[in-house]
Amino acid sequence: MSASIIDGKAIAAKRREQIATEAKAFTEKTGVKPHLAAILVGDDPASAVYVRNKQRACEQANIQSTLHRLTAETTQSQLLDLIAECNAAADVHGILVQLPLPSHIEEKAVLDAVIATKDVDAFHPENVGLIVQNRPRFLPCTPAGVQILLEESGTETAGKHAVVLGRSEIVGKPMAILLMQRGPLANATVTVCHSRTENLAEITRTADILIAAIGKPKFVTQDMVKPGATVIDVGTNRVDGKLVGDVDFEPIKEIATAITPVPGGVGPMTIAMLLRNTLTAAQLATA
Ligand code: NAP
């Protein structure tokens, strides 16, 4: 049996079309165009590509985007000044600070400075609190995108054992929270594993849904996967210039029921959810 490949690119394209239609209708009704301000500090080529992709996706979704490109020498205080400007700008609905930031800038201070109502990445403590309490303002982009992939692949989550590899603030932790909530695409029994987990493979082998977000190429091998599981690969690692996931795709696709590829799996969904949050921010600002 070979797994069905979850086509994140196609699923994200469908969602983006829906968002484009909604954004157009919103602008026709209110005269307001949703607007995302993206901030890129330094000249990391991968970050530049990510930001460009997000901007292109905005255009296609009838969302305005503005790129603020700052040099690697920008001070934390200069960056905070720009964020304060974007916070105050009535025509800006969402603010995205592309990570990673140069090492002389404290990431938490910068992310906390984005006003919660424009925090379309859902990193602000207020937004994280709302997510934990199951009354989200914005959805965490990558985890919410994974939930949609599970839905579209016909993977039942209720009552199933979901194992999340990784406990980062951006992926692992919010992923686990979404899946354990009471509600649709959730109600799972969730185990979170990290670098201090003992007997990792024993745990992953009990997963009906295995979500890998650790940032280590092909870390998850076939012997770590229960036959019939759904496997979601969040990892994006550059190996010899090629994008490789955290999952050893070829052998695992022979035993899984459904699996995401890298690229073309989770990545496109993350962008679609960012667009969704930007539209939500504009709707909340004009409500
Ligand atoms: P991160 O902040 O580096 O966190 C990695 C997590 O993996 C940590 O919790 C770490 O445990 C755990 N880990 C590391 N080595 C491990 C091991 N040997 N065994 C078990 N757990 C281990 O990374 P992240 O931001 O969550 O990103 C993870 C991956 O997803 C990266 O490849 C990133 O590029 C990718 N990503 C993709 C998207 C997308 O849209 N496709 C979005 C975000 C991230 P400790 O906490 O104990 O250190």
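What you are looking at is a predicted structure, and each value in this text was computed from that prediction instead of being measured. Below, all heavy atoms of this structure are taken into account, side chains as well, without hydrogens, waters or symmetry copies. Counting convention: from 1, in listed order, for ligands and their atoms alike.
- V262 forms part of a hydrophobic cluster together with L243, judged by ILVMFWY side-chain heavy-atom separations under 4.5 Å.
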ask   = Could you walk me through whether H161 and T191 pass the side chain to side chain donor-acceptor pair (under 3.5 Å) check?
value = CA-CA 8 Å; H161 186 204; T191 302; 2.7 Å; yes

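- Of the possible polar contacts, none joining the D233 side chain to the G265 backbone as a donor-acceptor pair under 3.5 Å is found.
- Heavy-atom neighbours of D43 CG from other residues, nucleotides or ligands within 6.0 Å: at or below the threshold of 12.
- In this structure, a donor-acceptor pair under 3.5 Å is absent between the side chains of T278 and H93.
- If you check the side chains of T142 and T270, you find a donor sitting under 3.5 Å from an acceptor.
- Using a heavy-atom distance under 4.0 Å as the criterion, the protein contacts of ligand 1 are T142, G166, R167, S168, V171, H194, S195, A213, I214, G215, K216, F219, V234, G235, T236, N237, V266, G267, T270.
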